[in-house]
Every structure is written in structure tokens, then in C-alpha cells.
Amino acid sequence: MTDKGGKTSRAQFATKLGVIATTVGSAVGLGNIWRFPYEIGTHGGGAFLVCYLFFIFVIGVPLICSEFSIGRSARKGITGAFREVSGSRWMGKIGFIGVLTALLIMGFYSVVSGWTMEYLFQSVAGGLKYSTQAEYAAQFDSFSSGAFRPLFWTLLFIAINYFVLVRGVEKGIEKVSNIMMPLLLLILIVFSVHSLMMPGAWEGVKFMFKPDFSKINSSVVLGAMGQAFFSLSIGMGSMITYASYFSADTKLGRTTLVIAVCDTLVAILSGLIIFPAVFSYGGTPAAGPTLVFEVLPTIFHRIPGGMIWSALFFLLLFIAALTSAISMSEIGISYLCDEFGMSRKKATLVAQGAIAVLSVLCAFSFGPLADFKIFGMTVFDLFDYVTASILMPVCGLLVAILGGWLSRKGFLADELTNGGGLRGRGVSLVQLSLRWICPTAIVLVFLHSMGVI
Ligand code: TRP
């Protein structure tokens, strides 16, 4: 791997565009296009959006700055970086939470990515031929409750991941992201304009943007926080790991803002595609995790050349999922390479193997294991809930405390200004948020949702 003047011979991203494309590629994924619409749909619309935006900009942005600073200064994956920046072996051990979170998320993320592959396949094979959300819901049900097909796509997705990952950071990941991310944005814009021109579209827009504050309760707030963490890829070390491949002159603050804005934009565009269509066709916004797989085909079915649009859309969604999945797998791989001195190839094999095992449980959660419940949830729902509502916030809290309190004096200012070379507007705001706002908000939301306060 190349070394462009870094402190060690660690791999580095080749270009500035590569840095943006890979980090945005990590953030923009199923979280924006699959998870965001169903979360906002089940949590009653506008009120959820307001909470979500609050968490993105007041907590998310400072946390990414902190993850970036930690990762680039240590040039290690999450456990090594936690240890180095805090100077405590214990913090390093605690960082393992991030590796665990990544594994659990990848368990269900691979399954949903597999669904996008099935829908890509069905678009081409002419299988998406119904016209209502209810019919597509039934079709989805019969597909996901099977055993072979969901599992086949899930494992294929993990295998594709493997092949991109073994090629390494700059060759595998950067190239894919550079081309596909801009294309995805373009197609989202086309479709949201199309959706907005449907009769009755306005109801969908109102549902999304008109906040009904009486609907805010702890599940909405906790849900919004989890979604913000998930969507921005914070709270498990993806951004720490990627920042360890940044060069000394990467502008951390600017990169963070680009990520936050692009990520939010994609989520909102995706909502603007889904909700006008839901209301226009008389469907239901609260369908849960299957929402986009029920609503998108109804849109494609009705437009001329729908098959081609549909194939293109699911292809891009698949790529978006892949670039995010890669950033998650990279956490484990970097951990195994750094801490156990494994070769990249072996580490990739071990990480993807572990993910494959967990993903089988998730893929079967809709079929053979649908009745296997832990705390009243299927394995799929349990992994989603535990990661978004517990592990990511806990890890986010650690990142805030580490960046705000436990690092050496002037750490954030040094990193965010590249050692004084940049003006560093906003450093004090980031610091303020990391020290006080993030910990307070995360702990409050957490305690409230547990019923303690
Ligand atoms: N942000 C991605 C999405 O929206 C998912 C993701 C990738 C992620 N890396 C992460 C979530 C790290 C949490 C932490 O689909």
C-alpha cells in the first residue's frame, strides 16, 4: 500500500475526492433510503424530523469531528485509537464495543442489502408487476418468509463485500464510491420531483414537514437519536477507522459538514420520494422495515420504462449499501490487523465469516425463525434495537468524553486546524458540545427511555 508522507506506512486515501466520496459513501446508505422513511413513518412524521435534525447538527457533527480527530491522530482502528488518545489501556478494551456493534449491525444490514439485490433481480426479471402497496406487501412477505432466497442474496452480498475489501482501501473502496455516489444523488432528485408531481403529493409533504409536537415522546426522541447515529455512521468507529487513512492536510471540519449536509439531503429526498407516493396511492406510512420495498415498486410500476428505472434505482441502492457495509466491515478488519497483526486477507476472511454467521439468524427472522423471539423481538429486530438504542449511544458517549475531556489539552484544536494551519472557526462550539451537550443529551435520552426519569 502506498505511503504519501504519513507518519507510518498505513494506507491512505489517494485524493481529496476519495476522502469525501468514501466518508459520504459510508454515511449514505440503507440508513437514509430504507431506515429513515420507515422510522419517520412509524414515529408520526414532522415531529420526528425536527428531533432528528437537532441530533444531526448539535450532536452528530461534533461527534464526527471527534471521531475524525481521534482516528487521524492515532492512525489506528477504534481500540488502538481509544487507547492511544486516552493513554489508558482500559479505554482500548472498551473500544471493543465498536467492533461488536459493527458485527451486529452488519448481521441485519447484509440481509436488507440482500433484499435490494432481490429487487434488482426482480426488476430485470419482470417480477414487479402489481399496482398497490398492499399487493407488494404480500409479495415481499412471501419472499422474505422463505429460507433459501433471502439467505442466498445475503451471503452473496457478504461475498461481494469480501472481494472489494481484500483489495484494500484505496483500490477497492475509493474507486466504487467516486462514481456511484453522485449518480445516486441524481436519480434521487429525479424521483423526488416525479413524486412531488403526483396528485395528492402535498399530504405526504405535510406529513413529513409539519411537526405535531404533541406526538413527541421518549420513543420518538430515542428513535431520532438512534437514526441520527446510524445515518451518520457514528458510534462504532467507522469514522475513526476511515480517519486513520486520512492525510495530515485533510480538513476534518469541512469534511464533517459535507457529510452531514449530504447525508441529510439524501434522507430528505428519499422521504420526498416515498411519502407523496404513499399518500397519493392511499397506502400506509407506518409499514415498518418493509416500507420502501412496498412503495417504490408501486411508483416504478406506473411510469413509462419503469423496469429500467427500477433496476437502476435498486442497483444504486445496492451500491450505497455496499459502500456503507464496507465501512462497517473495515472496523473489524482494522481491529484484527492492528491488534493481532493478521494479514489483511485473513482479517477480512475472519470478519466476513463472523458476519455471515450472524446474518443467517437475521435472514431467517422473517421465515424459519420468525417465532424465535428474545425479549419479544426477532433476532433481526433485536440487533437493530440493541445497536441503535444502546450500543451506538454508549459508544457515542465515549467518543464525546474522549474528545472533550480525556484527550490531551489542545487536542481537538490541533486536529481540527491541522496543527494551526486553518482558522478553526467552530472549534470552541465543537468542544462545548462534546463536553456538555452530547453527554447530557445522550444520558438524558437514555435514562428517559429506560423509564428512570
Ligand atoms: N450510515 C450507514 C447508513 O446510513 C450505515 C453505517 C455505516 C453505519 N457505517 C456505520 C452506522 C457506522 C453506524 C456506524 O446506511
Side-chain angles (χ1 to χ4, degrees), residues 21-40 52 55-56 59-60 63-64 66-68 70-71 77-78 95 97-113 115-116 157 161 164-165 173 176-177 180-181 184-185 188 224-243 256 259-260 262-271 289 292 316-335 351 355 383-399:
T22 29
T23 48
V24 172
S26 163
V28 172
L30 295 172
N32 308 62
I33 297 167
W34 158 72
R35 202 172 186 281
F36 176 78
Y38 91 69
E39 281 282 319
I40 194 171
Y52 173 73
F55 285 120
I56 291 279
I59 293 187
L63 281 177
I64 300 186
S66 181
E67 286 206 13
F68 277 174
I70 292 170
I78 181 164
I97 296 181
V99 181
L100 181 72
T101 315
L103 273 181
L104 294 181
I105 294 194
M106 272 302 284
F108 68 85
Y109 208 86
S110 316
V111 174
V112 182
S113 307
W115 295 348
T116 68
F157 180 77
N161 247 293
V164 180
L165 280 161
I173 304 167
V176 180
S177 306
M180 294 299 180
M181 285 294 125
L184 177 68
L185 191 64
L188 286 171
M225 185 166 85
Q227 175 59 21
F229 276 65
F230 191 94
S231 191
L232 286 179
S233 301
I234 40 188
M236 67 155 106
S238 271
M239 293 303 184
I240 294 180
T241 309
Y242 270 1
T256 304
I259 297 171
C262 291
D263 191 67
T264 309
L265 190 70
V266 171
I268 288 182
L269 282 175
S270 150
V292 297
L316 291 171
L317 186 54
F318 159 73
I319 306 274
L322 186 64
T323 56
S324 299
I326 284 168
S327 79
M328 280 185 269
S329 306
E330 189 64 26
I331 300 172
I333 295 170
S334 173
Y335 167 74
I355 290 167
F383 283 9
D384 187 7
Y385 181 81
V386 169
T387 51
S389 305
I390 302 171
L391 293 175
M392 281 196 266
V394 167
C395 198
L397 185 63
L398 292 173
V399 167

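Just follow the structure's listing: the first ligand is 1, and inside any ligand the first atom is 1.
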Notebook entry, point to check: What part of Ile234, side chain, backbone, both or neither, has a heavy atom within less than 4.0 angstrom of ligand 1?
Noted result: backbone
Check: Relative to the heavy atoms of Met392, which atoms of ligand 1 are at a distance of less than 4.0 Å?
Finding: 13 (C)
Note to self: As an exercise, identify every atom of ligand 1 less than 4.0 angstrom from a heavy atom of Met236.
What the structure shows: 10 (C), 11 (C), 12 (C), 13 (C), 14 (C)
Next item on the list: Could you point out which residue of Ile240, Thr256, Leu63 forms a side-chain contact (heavy atoms from CB on, under 4.5 Å) with Phe68?
Entry: Thr256
Next item on the list: Could you list which atoms of ligand 1 come closer than 4.0 Å to a heavy atom of Gly29?
Entry: 3 (C), 4 (O), 15 (O)
Margin query: Taking a cutoff of less than 4.0 Å between a non-hydrogen atom of the residue and any ligand atom, is Gly235 in contact with ligand 1?
Written below: no
Next item on the list: Look only at interatomic distance and state if Ile105 has a nitrogen or oxygen under 3.5 Å from any nitrogen or oxygen of ligand 1.
Entry: no
Next item on the list: Specify whether Tyr52 and Phe36 have parallel, tilted or perpendicular ring planes, treating 30° as the upper limit for parallel and 60° as the lower limit for perpendicular.
Entry: tilted
Item checked: Atom indices of ligand 1, in the order listed, that fall short of 4.0 Å to a heavy atom of Ser327 -> 7 (C), 9 (N)
Margin query: Quiz question: by atom type and distance under 3.5 Å, do the side chains of Ser238 and Ser233 form a donor-acceptor pair?
Written below: no
Next item on the list: Going by heavy-atom distance to atom 2 (C) of ligand 1, choose the closest among Ser26, Gly226, Gly31.
Entry: Ser26
Notebook entry, point to check: Is it true that the side chains of Asn32 and Ser270 contain a donor and an acceptor less than 3.5 Å apart?
Noted result: no
Item checked: Candidate with minimal heavy-atom separation from atom 15 (O) of ligand 1, of Phe36, Trp34, Tyr109, Phe230 -> Tyr109
Check: With a 4.5 Å heavy-atom cut-off, do Leu185 and Leu265 have their side chains touching?
Finding: yes
Check: Step by step, would you call Met239 with Ile259 a side-chain contact (heavy atoms from CB on, under 4.5 Å)?
Finding: CA-CA 11 Å; Met239 293 303 184; Ile259 297 171; 4.2 Å; yes
Checklist line | ligand 1-proximal atoms of Ser324, by part, heavy-atom distance under 4.0 Å | finding: both
Notebook entry, point to check: Do Glu67 side-chain atoms and Tyr242 backbone N/O form a donor-acceptor pair below 3.5 Å?
Noted result: no
Note to self: Using a 3.5 Å distance criterion without hydrogens, assess whether the side chain of Thr101 forms a donor-acceptor pair with backbone atoms of Ile97.
What the structure shows: yes
Check: Can you list the atoms of ligand 1 that are under 4.0 Å from a heavy atom of Asn32?
Finding: 4 (O)
Checklist line | Side-chain (Gln227) to main-chain (Gly31) donor-acceptor, under 3.5 angstrom | finding: yes
Next item on the list: Hey, can you tell me if Phe157 and Phe318 have their rings parallel, tilted or perpendicular (30° and 60° cut-offs)?
Entry: perpendicular
Note to self: Can you name the atoms of ligand 1, numbered from 1 with element, that are less than 4.0 Å from a heavy atom of Ser231?
What the structure shows: 1 (N), 4 (O)
Check: In ligand 1, which numbered atoms sit nearer than 4.0 Å to a non-hydrogen atom of Leu30?
Finding: 15 (O)
Check: What atoms in ligand 1 come closer than 4.0 Å to a heavy atom of Met328?
Finding: 5 (C), 6 (C), 7 (C), 9 (N), 10 (C)
Next item on the list: Return yes when Thr387 approaches ligand 1 closer than 4.0 angstrom through a heavy atom, no otherwise.
Entry: no
Note to self: Under 4.0 Å, counting heavy atoms only: does Met239 come that close to any atom of ligand 1?
What the structure shows: no
Next item on the list: Please tell me if the side chains of Leu30 and Leu317 come closer than 4.5 Å, counting only heavy atoms from C-beta onward.
Entry: yes
Check: Heavy-atom contacts under 4.0 Å between Ser233 and ligand 1: side chain, backbone, both, or neither?
Finding: both
